[in-house]
Each structure stands twice: as structure tokens, then as C-alpha cells.
Amino acid sequence: MDAGDPAGDAAGEPAAGDTAGDPAGGRDPLLFLQTLQTLWSTQELGQLREEAQRGFAALEDPLAALLDMLDSSRGWRGKGPSLEAWVTRDLKRCLQAQLCPGPARGSPGLKQLQARAVKLLAESPPGLIEPLVSIFQLQDADRSPLLAQVHRLHQEGKFKEAIVLGAKLRLQADLDVEKMCLPLLLQDKADLVERYVDGFPDLQRRLLALMDSWCQPGFDIRVVARRYPQTTLRLERLSPRALGRQVLRLLEQHGLDPDLCPNVITQQRLAALRYLCYKRLVERSVSRESWAEHVQGLVGQDQWLQEQLLQLLTSHDNTALVAQCALDLLLPEERLPASVAAELRQLRIQERTAEAPPEDGKDDHYQLPIPREHLHFLASWEDLARHQEELLQPGQVVGMDLEWRPSFGAGGRPRASLMQVAVEGRVFLLDLPRLSSPAGGQAAQAFFRLVSRLLADPSITKLGYGLAGDLRSLGASCPALAQAEKQLRGSVDLLQVHRQMRAADRPAPGVDGAAGPRGLSLLVQQVLGKPLDKVQQLSNWDRRPLCEGQLVYAAADVYCLLEVYWALCREPARFHLSGDLARSLRRGERAGPGELPPLQKASTSPQQVPAGEDAAPEVPARAFRVVCDSMLQGLARRLRCLGIDVLVLATGEDHRRAAEKRKAIIRLKAQEGFSVGRRARRRTSIQQPPGLDPVAPKEPGSGFVTRAGPPAPEHRSTGGPVREPLGPARSHPTELSVARQEGRVILTSGLPYHKLRAQVGAGRCLSVDCSLKARQQATAVIRHFNVRVTHSDIFSRCQACNCHQYLKVSKDVMKQLVWLSGHPEGPSGTGDEAAQIEDERETGSAPEEAPGGCTYEPSCRWLEEEDLQSRVPATLGDGTRLQLSGVPAGVLRRPGLRHFYCCTGCGKVFWEGSHLGRVAENFREVLEGVPGSREPSRAPSPASSPS
């Protein structure tokens with residue numbers, strides 16, 4: 001009888017001549033399983049589903065039969081697909097569709113089956129837990145054995161399995177939230193923890209209190225980690241700053257009281273104080289009144305924050321300005337240094353200020369080019385009706401912007417206070433609090449109609465800088481305009497244009513793109529020659545009436561959009577933009593939403609560095625060494641991908657230490673007679689593998705990041721050639737120790753840049769634009785320092801650990817190592833599902849080549865028997881364990897693939913594949929030897945041998 005045919009007649013009797021038994025008779029479920037196994041092996045899923053449905057309907061007790069099947073087999077205990085897992089899910093479907101009989105709720109027979117099912121849960125993979133819980137109604141079962149199973153898993157160190165099982169069975173209220181969540185937080189599995197407490201407000205509050213306790217000053221997370229000595233932890237992700245961000249996000253997400261997390265809120269206020277002191281004392285970009293108001297609101301009566309504020313003020317060397325700040329804050333003289341107190345007394349006596357008059361420096365900033373009487377403040381429906389025709393004139397260009405009161409606490413962005421709309425020769429300031437409330441009032445209705453008509457009219461070109469974000473803020477402040485972003489037709493977002501300008505490395509002449517103004521102010525400076533005056537940006541926009549300075553600032557902030565747009569349209573080639581700028585960016589026409597205008601064909605090979613005496617000397621990629629801010633890990637991986645030696649600053653490490661390190665190395669080399677210029681820097685000999693595909697290990701905390709995953713922790717730096725036979729030391733050296741050995745360029749962003757630039761000297765510190773993607777940041781860095789990158793540089797360093805030494809392993813040896821590590825090379829019922837998918841996708845494909853057909857012949861040393869400390873697990877002589885768990889089985893059988901390459905620093909495994917081509921294509925414009933790149937195409941340089 002064919003296995004796909006019915007097992008017997010309608011009465012369930014076996015067919016004549018059937019020697020295989022009756023799979024539907026209910027007497028032997030194992031024979032039923034064998035019949036299904038035949039169809040499973042032939043992948044006849046249609047027949048398999050029909051046969052399973054017939055069999056379940058005929059079985060006297062389908063649930064008991066399922067348990068017998070699971071007890072008799074071990075195939076379902078693996079991670080990959082199995083027939084038993086498929087049968088379990090299909091039985092759930094049949095029960096829900098009432099295609100087969102199920103036990104009555106609470107019946108004695110069901111309780112016995114539940115007891116058996118509970119024992120299987122501990123061994124079940126995550127995908128099998130939910131079907132078993134549903135089939136056997138385990139959420140209604142006796143909770144004692146269920147809790148015992150969860151506790152047993154936890155005691156065995158299976159923390160993930162324990163929390164998943166507890167959540168599926170809805171046992172959260174009976175389990176200790178700290179006990180369940182703590183080890184997973186240490187393993188950087190916060191997403192599992194969040195799902196575990198979802199729907200349990202009390203558990204959410206207790207979880208936030210736990211995380212907040214880790215943010216108190218002086219707390220050492222390693223003390224907690226000692227309770228789990230056998231667990232692989234990821235403590236680098238648990239810095240107070242990272243934890244604080246998670247806590248604030250969860251507070252907002254769950255709408256909980258910020259008072260639950262006093263440590264995080266205090267640290268947030270301290271960060272805001274540092275930011276405000278920087279804006280006032282360094283940038284001088286905030287007014288005295290606004291600064292004092294914000295600082296007083298942050299500090300309040302908190303004694304600890306008051307002490308921190310005094311330290312921030314007295315650490316600044318401008319005594320007169322510090323005294324002025326102390327006067328604005330009414331600080332007592334006895335708490336100030338003597339020099340500041342003396343200056344404060346003089347200020348009080350002379351009744352003078354330490355600031356320059358507001359009119360001084362006006363010539364240094366963009367000025368509103370229209371008369372003051374053409375600035376209109378609209379606060380009623382009559383005002384709107386009076387100017388409606390000017391605002392809705394078809395065919396015109398309109399600038400749009402929003403202002404809101406700055407907020408430095410938890411709770412998200414505050415409500416928008418002012419909407420600015422600019423047309424040629426006029427600026428309209430719309431008072432949002434008065435125009436939007438009450439929602440059903442005459443003014444609100446008129447305002448909503450006017451804004452909707454303005455946004456929806458495709459003939460009116462709407463300009464903005466981050467326009468989508470402004471419209472989302474407008475919708476959040478005015479619920480009637482919640483769909484404002486979807487209504488938008490005919491818009492140009494100058495933020496997108498600005499990103500293209502920076503990606504093309506085309507700042508205006510004389511503008512230092514690494515310092516000074518940012519955002520819209522930088523764009524205005526690059527296009528119009530002067531930046532915006534941002535002194536009023538942090539003022540209180542909820543105050544009424546607005547002061548004259550606020551009115552003029554708001555008008556200039558929106559009118560500059562018109563002037564920038566007109567300038568770009570007049571000279572698009574100057575900024576590497578398409579001539580048809582407006583059409584290429586308008587929504588609904590030739591370009592899609594948010595699409596960037598194409599670069600001009602004449603600009604496919606932009607000049608990399610200024611010509612003449614100011615041109616930076618060319619430096620090979622392998623001789624270029626940098627140290628990155630901890631927030632630039634994406635940039636670090638891209639630079640390492642191109643062979644650049646990159647050290648990443650550890651989370652929480654003081655940025656000023658980088659400057660001290662740079663000064664120390666300059667003094668040291670000066671004493672030894674060395675030059676610190678780029679031309680005199682010694683070239684290092686680096687071994688490089690060919691184009692590589694990274695292997696992502698499956699163990700938590702293994703230190704490698706796939707292309708789509710989160711940033712990996714930094715393990716070590718290997719600046720310079722490694723003299724040990726098998727790579728660098730296992731410890732993670734601090735930036736200080738590395739900088740004492742060799743000079744590095746500092747790449748940073750935000751507040752630390754200005755102090756570092758003054759301490760390390762010209763050309764040794766660069767501020768990276770964080771609004772750009774990591775690939776664009778890397779391109780900008782390469783162009784800024786005139787770094788020469790060739791094909792042979794690609795993947796000459798490990799992206800995860802920065803090591804530059806690899807060992808070559810033949811495919812046969814790799815197969816043996818993988819097999820010995822317990823990962824069979826072919827897919828099976830117990831194999832890894834991801835490996836099977838990779839196998840199906842890769843089998844029969846040949847390795848791809850980089851653009852231009854470039855290939856590599858690396859000079860890596862072969863792995864020898866004496867290099868291995870042990871084969872199981874595969875471990876190098878210095879203790880580095882090879883990361884074999886992520887090597888897909890299909891790759892081991894891929895035709896044309898001969899070698900693998902193992903990083904001697906972290907044990908990561910690479911192989912030749914398509915990743916090389918993707919990297920070469922992504923960096924085509926700066927890669928030497930690629931058609932369309934900055935230099936004529938030529939063959940890649942061969943790898944140099946070790947010195």
C-alpha cells in the first residue's frame with residue numbers, strides 16, 4: 001500500500017494485504033509515526049498533512065499518542081526542523097479546528113497527560129513550547145510542577161530556557177523577577193527580559209528599580225557577575241550610560257513614574273548640566289537668561305548636583321565668565337574659589353557683565369534679510385484668515401520649522417510651541433498653544449484646515465531640515481494633524497541634500513567641516529557663507545510674549561531655508577547636486593520619498609584633498625592608525641574592513657586621556673629623534689586573507705558582530721606587527737598603553753572634540769558627523785586624511801578584534817575540526833536550521849569576485865598541528881578558541897572553495913565569498929584600482945612578507 005493512501009476503510013479497519021499495520025487504528029502510534037516518516041523523508045508535505053489529519057482523527061487518544069511519539073524519539077530535541085515538532089504543531093492545528101477529539105478541560109485523564117507533558121517541556125526547543133502548552137492546556141495545570149521545571153532549568157544554568165518557559169506558562173507572578181532577569185541582563189538579552197515583564201506593571205517597576213540600582217555612583221557590576229562564574233557574560237554592554245538609556249526608554253515605553261529610578265534621573269540631569277555648561281562656557285551659544293533658567297530647573301535643591309555644578313564651573317579657566325554665571329545663579333561667594341569670588345564682587349560693585357553686547361558679532365552670523373515689519377505673529381483665527389492667501393499661494397516655495405521648549409528630563413519631546421512658515425519676503429510665526437486649543441474651537445479648526453491644505457498642495461514646494469521629524473512632532477502636539485506626514489505632497493528636505501553634500505566631501509571653500517556649527521547652521525555656512533546665530537535655540541519657547549531675540553531667531557531659522565534652496569538651485573554643480581534639484585526630491589514625481597538627488601556625472605571622481613601646498617600627504621591604509629570614540633563602533637568596523645588599524649575607546653573612558661597619550665608619544669619620539677609626521681611613519685607588514693565572509697558565533701559574548709547585528713565589544717588592539725607566533729595577547733589594552741607606543745589620530749564626535757583638538761595639535765583630531773551612515777563616515781575620514789586604500793587592504797584586519805594575522809586552513813582540515821566540535825557537516829533532524837538554509841542557498845555556487853575580477857593570493861601561514869593546543873575544542877597555542885559553531889554546513893561543501901582563514905586574535909573564521917565584492921562596491925569611490933575611483937585602475941599590490 002502506498003504510504004500516502006488512506007490506511008483503511010471508513011470504519012477504521014485495516015485494508016487487506018496491509019502488512020505495515022494500521023497507522024490510524026490507535027493501537028500503535030509508533031507505526032503511525034513511521035508512516036509519516038516516509039512522507040517526511042520524501043518531502044511530500046501535502047500528502048503528509050492529509051495522512052496526519054486522517055491518523056489523528058482515527059486515534060483513540062491523540063494526545064497520549066503524541067507523548068508516546070516524543071518519548072520514543074530524540075530528533076525533536078535539536079534546534080533544526082524535525083518530524084516530531086511538525087506533528088506537534090499540526091496536532092495543535094487539528095485540535096483548534098476540531099478535526100480530532102480532545103480531552104475535556106479538567107478531566108482526570110488530562111491531568112495525567114499534563115504531568116507527562118511537563119517533563120518534556122524542559123527539553124523542548126523554544127518553538128515547541130507554545131504548541132505543547134496549547135495542546136495540553138498547561139496554563140490551567142497544577143502550577144507546582146510547572147514552577148519546579150522552571151526552577152530546575154534555572155539551577156542548571158539554562159536561564160534563557162527558564163525565562164521562556166515561565167513566560168509561555170504565564171508564571172511571572174509566581175517567580176522572583178530579579179532571579180529570573182538578572183543573568184539575562186548580564187548576558188545582554190534585554191529583549192527577552194522586556195518580553196518577560198510585558199503586561200505585568202509591578203514586575204516592570206521592580207525590573208527598573210533593579211537596573212537603576214546598577215547606575216548608582218561607585219557600583220561595580222562585576223560583583224554581581226561573580227554569582228554566575230560558569231556563564232558567558234557581556235558586561236561591556238552594562239555601563240551606567242548604556243543602562244541609563246535602557247531605563248529611560250522603558251520608563252517612557254511603559255509610562256512609569258521617573259521617581260522609580262532616582263540614580264538614572266540624577267545622572268541624566270548631570271549630563272544635561274555638562275551640556276549646558278559646554279554651551280555656555282565653551283561655545284557661548286546660549287543666552288544668560290536661558291542658561292540660568294535651565295540650570296536652576298535641573299539642580300533645584302539637590303545638594304549633590306549643586307556640588308557637581310560648582311565643580312563644572314570652577315574647572316573652567318575664564319574667571320570673568322564663571323563669575324558672571326555665579327552671579328546669574330545667585331551662588332554664595334563662600335563656595336567659590338577666591339579668584340572667582342573676587343571677580344563676582346567686582347561685578348556686583350560695577351554692575352557690569354562679562355558678555356559682549358548682543359550687537360557685537362552680528363556680522364559673523366546669518367542675518368534676516370527682510371524688514372522687521374514683514375514678520376507676523378499669528379495667534380487667532382482672524383490672523384489666519386488675514387494671511388491665508390499669502391500662505392497658500394499656488395506655485396510658491398515655503399519654508400517650515402518648529403520650536404519647542406528644551407527638555408532635559410525623562411518624558412520624551414515636549415509639545416511644539418511655535419510653527420514658522422516663510423514665503424518670499426514674509427515670515428509667519430504661528431502660536432501653536434493658542435491656535436490648537438480648544439481642539440473644536442474656531443481658531444483650531446481654521447489652523448488645522450490651513451496646515452492640511454498647505455501640506456497637501458503639490459504645487460507648493462515645502463522646505464524643511466528634517467521635515468519628517470518636525471511633522472511627527474506637530475502631529476504629536478496637535479492630534480488633529482497626526483497624519484500630517486502622510487498628507488505631505490511636494491517637499492524638499494534639505495537635510496537629505498546636506499547629507500549628499502557631505503557624502504560627496506564638498507564643503508564650501510574655507511569651511512572646516514569637522515568643527516564649528518552643525519546641522520542647519522553648518523549648511524547655511526557652507527552655502528551662504530555665515531552660520532546661524534543659535535543663542536536663542538535653548539530659550540523658553542512656551543513663554544509669552546516671546547522676546548525680540550526669540551522672534552528674530554525664529555524668523556531667521558526658517559527664512560534661511562528659502563535662501564539656501566535658491567542658492568542650491570542656482571549653482572547645483574558647485575555642491576555636486578543635480579541641476580533639477582526641486583524635481584528630483586519632490587515626492588510623487590520622478591524621485592520617491594526621501595530619495596537623494598543623483599550626483600552629476602562630471603563629479604564621479606571628486607578631488608580628494610585640496611590642491612597645492614595644503615594638500616595632505618598620502619598615507620597607506622595599513623600605516624594609518626586611529627582611535628575611535630566608543631559611539632563610533634560602526635565606523636571602526638568599516639575602517640578595519642579596509643585595513644586601517646583602529647582602537648575603540650572603552651565605554652566610559654575619559655576622552656581627555658587620548659590627548660594626554662598623544663602628547664606623551666610626541667615627546668617620546670622627539671627625544672628619540674623620530675618624526676611624528678605621516679610620511680615618516682613606519683609601514684607595518686600585514687598578512688591579509690582574501691575577500692572574506694564573517695562567521696557569526698552562536699555563543700553569547702563571543703565578541704563578533706554579523707553585518708546585520710548590533711556592535712561587537714572590543715577585545716584588543718594590535719597596532720603594529722605582532723611578534724608572537726599566533727597573534728596578540730588576550731588582554732584588552734587601554735588606549736593609554738597603546739598610544740604610548742605609537743601616535744594615533746583621534747576620531748570623536750560631539751562635546752569632546754573642541755578640547756581634544758586644542759591639546760593634540762592640528763590634524764590629529766577629527767570630529768565625525770554622526771548623522772551620516774558608517775560607510776559615509778569612513779569615506780569622509782579616508783578623504784580627509786588622504787588615505788590610499790587598495791584591494792589588498794580589504795579584510796587585512798579582523799573587524800571584531802583588530803588583529804592582522806591569520807592562519808590558513810584547508811577545507812578538509814576545517815571539516816575535521818567542525819566535525820570534532822560536534823557540528824556535523826550535513827543537515828539532519830538535529831542539525832541547525834540556519835545551517836540547512838545556508839546549505840540550500842550556497843551549494844553549487846562559486847565564490848564571487850570583486851569588481852574588475854580582482855583576486856588575492858595571501859601569504860598567510862598554514863595552520864600546523866603544533867599550532868593547536870587542543871582539537872576539541874579547537875584551541876590555538878595562546879588559548880584562542882576557534883569559533884567553529886557558526887560555519888554553515890553548506891559552505892563546507894561549496895564548489896571552488898579551498899581555504900578558510902582563522903583570526904589568531906579572536907578565533908573568528910572567514911572564507912572567500914561575496915562579501916569582498918560588496919565591500920569593494922561600497923567603497924568604489926575611494927578604492928584604488930577600481931574603474932570610476934579616484935585614480936586609474938591598476939592591479940592590487942601583493943601582500944608584503946613579515947619583516
Side-chain angles (χ1 to χ4, degrees), residues 7 12 21-37 40 48-49 51-78 81-153 156 158 161-162 164-175 829:
D22 180 8
R27 292 168 297 185
D28 194 346
L30 299 185
L31 293 179
F32 175 36
L33 182 63
Q34 291 176 8
T35 303
L36 297 180
Q37 184 69 54
W40 175 262
L48 178 66
R49 185 176 295 277
E51 184 67 26
Q53 183 173 326
R54 285 194 297 267
F56 285 138
L59 286 170
E60 295 177 0
D61 191 345
L63 274 66
L66 175 65
L67 292 175
D68 292 339
M69 295 179 192
L70 296 178
D71 285 334
S72 65
S73 173
R74 301 193 60 85
W76 57 273
R77 292 171 171 84
S82 66
L83 173 61
E84 294 81 2
W86 184 90
V87 168
T88 304
R89 288 189 289 269
D90 199 65
L91 176 57
K92 174 192 170 185
R93 180 187 63 82
C94 291
L95 290 172
Q96 291 175 341
Q98 299 182 352
L99 299 177
C100 60
R105 186 180 298 271
S107 63
L110 176 61
K111 292 183 178 180
Q112 295 176 1
L113 296 175
Q114 288 174 338
R116 292 180 60 189
V118 167
K119 297 178 181 179
L120 296 177
L121 285 177
E123 302 179 77
S124 300
L128 200 57
I129 291 177
E130 195 277 331
L132 288 174
V133 170
S134 175
I135 291 171
F136 295 97
Q137 305 172 28
L138 293 179
Q139 59 267 54
D140 301 326
D142 183 8
R143 305 180 79 81
S144 298
L146 300 179
L147 290 170
Q149 287 294 336
V150 173
H151 289 310
R152 185 174 67 81
L153 288 172
E156 294 175 356
K158 298 178 180 180
E161 292 80 359
V164 169
L165 181 58
K168 293 290 186 182
L169 297 173
R170 305 294 289 176
L171 299 174
Q172 291 97 318
D174 299 314
L175 296 168

Which atom pair, heavy atoms only, marks the closest approach of [X] to [Y]?
X    : Y    : value
A52  : L36  : N-CD2, 3.9 Å
R116 : D68  : NH2-OD1, 3.1 Å
T88  : P131 : CG2-CB, 3.8 Å

Any side-chain heavy-atom pair from [X] and [Y] closer than 4.5 angstrom?
X    : Y    : result
R170 : Q172 : yes
Q149 : L169 : no
I135 : L113 : no
V133 : K92  : no

Here the gap from D71 atom CG to M69 atom CE, rounded to the nearest 0.5 Å, amounts to 11.5 Å
| message | So, taking the atom named CG in L146 and the one named NE2 in H151, what distance separates them when rounded to the nearest 0.5 Å? | response |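 Result: 11.0 Å between the selected atoms.
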D90 meets the salt bridge (Lys or Arg N to Asp or Glu O under 4.0 Å) criterion, sequence neighbours left out, with R49, R93
Q) Looking at residues at least two apart in the chain, or sitting in another chain, which of them share a salt bridge (Lys or Arg N to Asp or Glu O under 4.0 Å) with R143? A)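 R143 satisfies salt bridge (Lys or Arg N to Asp or Glu O under 4.0 Å) with D174 only.
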Output yes when a side-chain donor or acceptor of Q53 lies under 3.5 Å from a complementary backbone atom of C94, and no otherwise.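 Here the side-chain-to-backbone pair does not exist.
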>> Quick check against the 3.5 Å criterion: does E84 have a side-chain atom that pairs as donor or acceptor with the backbone of L70?
In response: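 Answer holds: no.
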- Item | Residue list, side chain to side chain contact (heavy atoms under 4.5 Å, CB included) with Q37, at least two apart or on another chain |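 In terms of side chain to side chain contact (heavy atoms under 4.5 Å, CB included), with neighbours along the sequence ignored, Q37 is linked to W40, L83.
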Those residues at least two apart in sequence (or on a different chain) that pass side chain to side chain donor-acceptor pair (under 3.5 Å) with Q96 are none
